[in-house]
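Below: the structure, in structure tokens.
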Amino acid sequence: MLAAVLSSVLAGVLVLLVYQGVAYPFFWADLTYYLQLRRYKRTVQARVRRGVLTYLDCFLQQARRTPAKPFIIFESRTLTYQDVDRRSNRFARALGAGGSPEQGDIVALLMCNEPDFVCAWLGLCKLGCEVAFLNVNVKAKSLLHCLRSCGARTLVVGADLVHLVKEVLPDLKQDNVDVWVVDHTSEEFNTLLDKVDNVSGDTLDNIPKVNVMSNFLLIFTSGTTGLPKAARVGHLKAIGSMAFFDMCGATSDDIIYITLPLYHMSASLLGIGGCIHLGATCVLRKKFSASQFWKDCLKHNVTVVQYIGELCRYLLNQPTVPEERAHCVWLAAGSGLRSDIWKKFLTRFGIRAIREGYGLTETSIGFLNYTDEVGPIGRASYFNKLSIPFELLRCDPQTYEPVRTNSGRCVRAQKGEVGILVTPVTTVNQFLGYAGNKVESEKKLLRDVFKVGDTYFNTGDLLLCDHRDFLYFRDRIGDTFRWKGENVSTTEVSEVLGLLDFIQEANVYGVSVPGYEGRAGMSAIVLKQDLELDGKKLYEHLLNTLPLYAWPRFLRIQTCVDVTETFKQQKLKLVREGFDPDVTHDPLFFLDVSQKDYIPLTSVLYQDIVSAKTNL
Ligand SMILES: *[C@@H]1O[C@H](CO)[C@@H](O)[C@H](O)[C@H]1NC(C)=O
Ligand SMILES: *[C@@H]1O[C@H](CO)[C@@H](O)[C@H](O)[C@H]1NC(C)=O
Ligand SMILES: *[C@@H]1O[C@H](CO)[C@@H](O)[C@H](O)[C@H]1NC(C)=O
Ligand SMILES: *[C@@H]1O[C@H](CO)[C@@H](O)[C@H](O)[C@H]1NC(C)=O
């Protein structure tokens, strides 16, 4: 009797499992991920009960728990959690000594990757300042714009970047910006390190309390248009980001290799923050180097590496070295890895797992690929939507504006249809906007989406959700493209090109080049009447105005600019035609950096570029 009951129960369970396998094959993966997110949420809640609310609080807690544990390994130095805590106390004392900056001030930080980036940052947090990270590729003119737009009155600059500041010194003086150089001596500027060496590293007894709903950091992004914008990053978002490596399955025993720039959210919040949350060790490198990558991993017993897609491709383009298989890296975590190199990356370098995620600086939306599918960036499962609400909206294929019904409401994209990713703005899913830029902040918001009065953040990213609920990244719309891991703003580049006396109009866009992630810059140019293209002058101009990743690598000379019916510059057709001299009769040019000039793009040169004989 019992046996009969048991066997029918077993049969029932089996039938259910088979049914689940067919109808909901990703049920367990979805549930596990959901439970992981829940577990992290509970960890955060438990911390909150102990008064550990912010990124800084988490760091201090970790420094108390594991003071002697190595936190940052950089070149030949190792700093423990306690070392970084004490050194950041010194930074706080040295900076705070003169009464400025003080609590609530915005302080801009312009530094390359080094342990003092973290010490200065945490020191400023201890003073209650809001830190604005500046991109170290910034040019002088842009630097002023960044400082003004975020309202920073203090600038902390690394010793190796002082030349950038010198160029705009008169303007900085006029704006009353205090400049501190992270160095022992300097002829022109206040220096920090001599003072840091001269003050105590003991615990500060008056760390200001912060409001967790307030702003923590400013991170400059080249969003969709114009010059870089300072995205406000709230404390909640920073705390959420610290879960990254934990969600990927890493533990406190892992040694995490970070080569991405710290002024980006990925390295500072997901990377360093992820280490702090786990109490793990981070091997920090000043700059990514493809040839040193596996050597470093082997030397420091690295177990986890953080990537952006481009980085993986550079590694695959390197000649084989023995270290690439001798290391003990088991996990690569990051974003922007294309499916065409995914498998190659795993097999060639003998890595067990890749965790591909998607995230934005401006809001909390994020996905993580936690199944064994190649291609998707995440899932739109029932469970996922419980933790991270989002929607895909149907949009107009020409303007990329969401389609509205007669009653003014938006429409959800169907399965298999590309839609714009939007996420509801709520108290926990904040969008704090861009500092000093109300207009741009408002532009990112969609109102009255499904009902009157609701508000959504428009990510500007096109995603597709298939019938199995997998999400695929399709494109970033608007006026940016990605190249070498950076967003390039087409408006900014066109404005810069327009300053040259022989250019009447420039239409900038990005083109795909086989073998490269993202898109390389290209500009269709209309020359002023009777004037010619002066490639050398253009090169010099770019050198002085734009970071290398934003330079147009290809030019297309047109007699008039293509415009849409609404007189916007027509880009789609140009993007499709690319830089193939057999597709257009317009004269094409290629930037030859060694000659510091633009040279005619012939069919032979075209072949060399697409077959990677000529490098970009
Ligand atoms: C270091 O501290 C001493 C005593 O507190 C002071 O006299 C000296 O000027 C300080 N030096 C620097 C470089 O600040
Ligand atoms: C690129 O733009 C997106 C969307 O505005 C932003 O979230 C991201 O942080 C930007 N990335 C960089 C490297 O500026
Ligand atoms: C790496 O691991 C090996 C074997 O466990 C050990 O002998 C070596 O000292 C480690 N190296 C470092 C830099 O920790
Ligand atoms: C997702 O991760 C798995 C490993 O867990 C990997 O095999 C798969 O290719 C990934 N898919 C993508 C591209 O998201």
Side-chain angles (χ1 to χ4, degrees), residues 58-88 111-119 121-122 160 201 242-262 266-268 270-308 311-312 314-316 318-334 345-355:
C58 292
F59 169 75
L60 293 174
Q61 185 187 39
Q62 204 54 260
R64 277 192 304 272
R65 269 193 195 152
T66 55
K69 168 108 187 200
F71 174 27
I72 301 177
I73 297 177
F74 181 77
E75 293 170 359
S76 54
R77 281 185 287 155
T78 300
L79 284 86
T80 62
Y81 275 87
Q82 185 175 43
D83 292 339
V84 172
D85 185 24
R86 292 185 61 86
R87 194 163 170 81
S88 61
M111 287 177 80
C112 294
N113 284 10
E114 55 169 306
D116 274 349
F117 182 111
V118 180
C119 297
W121 172 28
L122 292 175
D160 47 353
M242 297 176 95
F244 180 58
F245 288 129
D246 191 359
M247 288 310 212
C248 294
T251 68
S252 62
D253 294 332
D254 279 303
I255 298 178
I256 302 174
Y257 188 45
I258 299 180
T259 59
L260 308 177
L262 288 174
S266 327
S268 48
L270 303 177
I272 298 287
C275 282
I276 293 174
H277 165 70
L278 293 172
T281 298
C282 153
V283 176
L284 183 69
R285 202 185 149 90
K286 178 154 183 181
K287 220 175 163 193
F288 165 72
S289 155
S291 60
Q292 289 303 308
F293 196 88
W294 300 116
K295 294 192 175 115
D296 276 352
C297 288
L298 190 60
K299 180 169 160 205
H300 297 289
N301 292 342
V302 168
T303 55
V304 174
V305 298
Q306 193 186 10
Y307 69 82
I308 48 170
L311 186 153
C312 302
Y314 297 150
L315 291 174
L316 281 171
Q318 286 287 307
T320 313
V321 288
E323 290 88 352
E324 70 182 50
R325 308 265 329 167
H327 59 78
C328 43
V329 175
W330 67 273
L331 168 73
F345 191 79
L346 284 178
T347 43
R348 171 164 165 194
F349 301 124
I351 292 174
R352 249 185 298 137
I354 293 185
R355 284 288 173 264

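Numbering of ligands and ligand atoms starts at 1, following listing order.
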Assess whether a salt bridge exists between Asp160 and Lys286, defined as any Lys/Arg side-chain N lying under 4.0 Å from an Asp/Glu carboxylate O. yes

Write none if no such pair exists; otherwise list each N/O atom of ligand 3 with its protein N/O partner under 3.5 Å and the distance.
unit_1   : atom_1 : unit_2 : atom_2 : d
ligand 3 : 2 (O)  : Asn301 : OD1    : 3.3
ligand 3 : 2 (O)  : Asn301 : ND2    : 2.3
ligand 3 : 11 (N) : Asn301 : ND2    : 2.9
ligand 3 : 14 (O) : Asn301 : ND2    : 3.4

So, the side chain of Thr303 versus the backbone of Cys328: is there a donor-acceptor pair under 3.5 Å, distance only? no

Test of ring centre spacing under 6.0 Å for Tyr314 and Phe293: no

Examine distances only and state if a side-chain atom of Thr80 and a backbone atom of Pro67 form a donor-acceptor pair shorter than 3.5 Å. yes

Ring-plane angle category for Trp294 and His327, please: parallel below 30°, perpendicular beyond 60°, tilted otherwise. parallel

Knowing that exactly one of Asp296, Asn113, Thr259 qualifies, which makes a side-chain hydrogen bond (donor to acceptor under 3.5 Å, both in side chains) with Arg285? Asp296

